[in-house]
Enquirer: 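Sharing a structure here in structure tokens format.
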Amino acid sequence: MRHLSFVLICLLLSFNASAADAFTVQLEMKNGALIPSTLKVPANTRIRIEVHNSGNSPAEFESTQMRKEKVLAPGAKSVVVIARLRPGQYSFFDDFHLDHPAGLVIAE
Amino acid sequence: MGQTLFVVWREAMEALLVIGILYAWLNSFPEGKKGKRYLLLGVALGSLLAVFLAASIYGLSNLLSGDSYDLFLIAMQLTAAVLIVQMVYWMNQHGRHLKQHLENDLSQHVKQANWLGITFITAIAIAREGSEIVVFLSSTIFSLTATTLLPFLLTCALGLLLAFVTFYIFQFSQRWLSWSVFFKITTAILLCLGASLFLKGMEGAFEFSLNYDWNVPNLLLDPAWDISATLDDSSPLGSLLASLFAYRAMPAWFSVLSFALYWLAVYLLFKVIKPRRNNATQPQTQQHT
């Protein structure tokens, strides 16, 4: 019984720990420009990308490789949460401005 | 202006394919006339839903926000995938033998259910991409000036023209293709759209669970391959293929398994279950298709 309580407490702590250890980065999307175009993040960690559409046209943060999609009206701010990224390079893009170069998230 | 046109055309492509194919199928048998009403209902419902989703994106509506929005999208995509497979299966099963089945009372009940299937498939196909079109167009409208107004209107007109052309290509292509070939090609296109929707829904569910701390083994998260150097799914062509045919430049093993699961289910349904049912209901006449 004591072992069970111990395990449950560890489990609860592990839930809280993962929420607190989120690595936050900022991304600005402005009429197709991705600022910065490269994001360096730690691998196997919860990541929060705080996206801000500072342009006057709508933007869509999309990454097929990270399975994320978020439409942002002009001036809108949102957070894209990635639970865990295996080490590697993942491209992302503004789906409403495909004529601009894509960005890269480097997880290591 | 080119960007606006491309975005609107691309987002509309999926919905246009679905509507175009279903309309052609309905035209192929006399009872199909009734189904066109359901198709129209689906278009209306889908458009309303697109506006509602766009309002949620703008933050005008709090009915669907954050998690509920994500869950709603996942549910829509998975439902659409299931309905498409069911619709394709039904058409393959009954399409050519409709006269025989008209004599059978059972067919009336079956057809009712499938008319609604047409409505929901159409509605979902329009709603998702449509919401992005609404956000895109409305934002553009808000920032219009005297100089950008005319190009914008021309773009809209051109977009509508392209949409009609795409729609009628499906109707006309029936004239120079035999029904059998046309049906096989459109079956394949719809099944591919189903695969894409299924994969998007599964990936959405996967990400949702991950965010709620579902402890996934690393293997499922590891990329199975990386061909983004050949064709990045962040490029215009790549993202179009990703949307229509479930192309993935660097999929996680979870995505690969989901994709395989869909096609395995489709294979079993069409190559194992369907022949068995055909043999069971028509013991005298063997149907070899």
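Note that these values count all heavy atoms, side chains included, but never hydrogens, waters or copies made by symmetry. In what follows, chains are A, B, ... by sequence order, proteins preceding strands, each numbered from 1.
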Enquirer: Is chain B contacted by the side chain of Q89(A), its backbone, both, or neither, given a heavy-atom distance below 4.5 Å?
Expert: backbone
Enquirer: Any salt bridge linking R84(A) with D213(B)? Criterion: basic side-chain nitrogen under 4.0 Å from a carboxylate oxygen.
Expert: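 Answer for the salt bridge query: no.
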Enquirer: Taking the side chain as C-beta and beyond, is there a heavy-atom pair between R67(A) and F254(B) under 4.5 Å?
Expert: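 Not touching, per the 4.5 Å side-chain cut-off.
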Enquirer: Is D94(A) in contact with chain B via its backbone, its side chain, both, or neither, using a 4.5 Å heavy-atom distance?
Expert: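 Neither part, no heavy atoms under 4.5 Å.
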Enquirer: Please determine, among G59(B), S139(B), S234(B), the option with the most heavy-atom pairs under 4.5 Å with chain A.
Expert: S234(B)
Enquirer: Could you grab the distance from atom CZ of F93(A) to atom CG of D233(B), nearest 0.5 Å is fine?
Expert: 7.0 Å
Enquirer: Pick from I82(A), V81(A), L85(A): which one has the most heavy-atom pairs with chain B under 4.5 Å?
Expert: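 Of the options given, most contacts go to V81(A).
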Enquirer: Among G32(A), A83(A), S78(A), P74(A), which has the most heavy-atom pairs under 4.5 Å with chain B?
Expert: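 Looking at each option in turn, the highest pair count goes to A83(A).
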Enquirer: Are I57(B) and E60(A) side-chain neighbours, meaning at least one heavy-atom pair lies under 4.5 Å?
Expert: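 SC-SC contact between I57(B) and E60(A) ruled out.
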Enquirer: Can a side-chain donor-acceptor contact be found between Q65(A) and D232(B) if the only test is distance below 3.5 angstrom?
Expert: yes
Enquirer: Check this for me, if you would: do K70(A) and D70(B) make a salt bridge, where the nitrogen-to-carboxylate-oxygen distance has to be below 4.0 angstrom?
Expert: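 Looking at K70(A) and D70(B), the cut-off is not met.
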Enquirer: Of all the heavy-atom pairs spanning L98(A) and P236(B), show the shortest one and how long it is.
Expert: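 Closest pair (atom of L98(A), atom of P236(B), distance): CD1-CA, 3.8 Å.
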Enquirer: How many angstroms lie between OG in S228(B) and CG in L104(A), if you round to the nearest 0.5 Å?
Expert: 9.0 Å
Enquirer: If I measure from the heavy atoms of chain B, does A102(A) come under 4.5 Å with its side chain, its backbone, both, or neither?
Expert: side chain
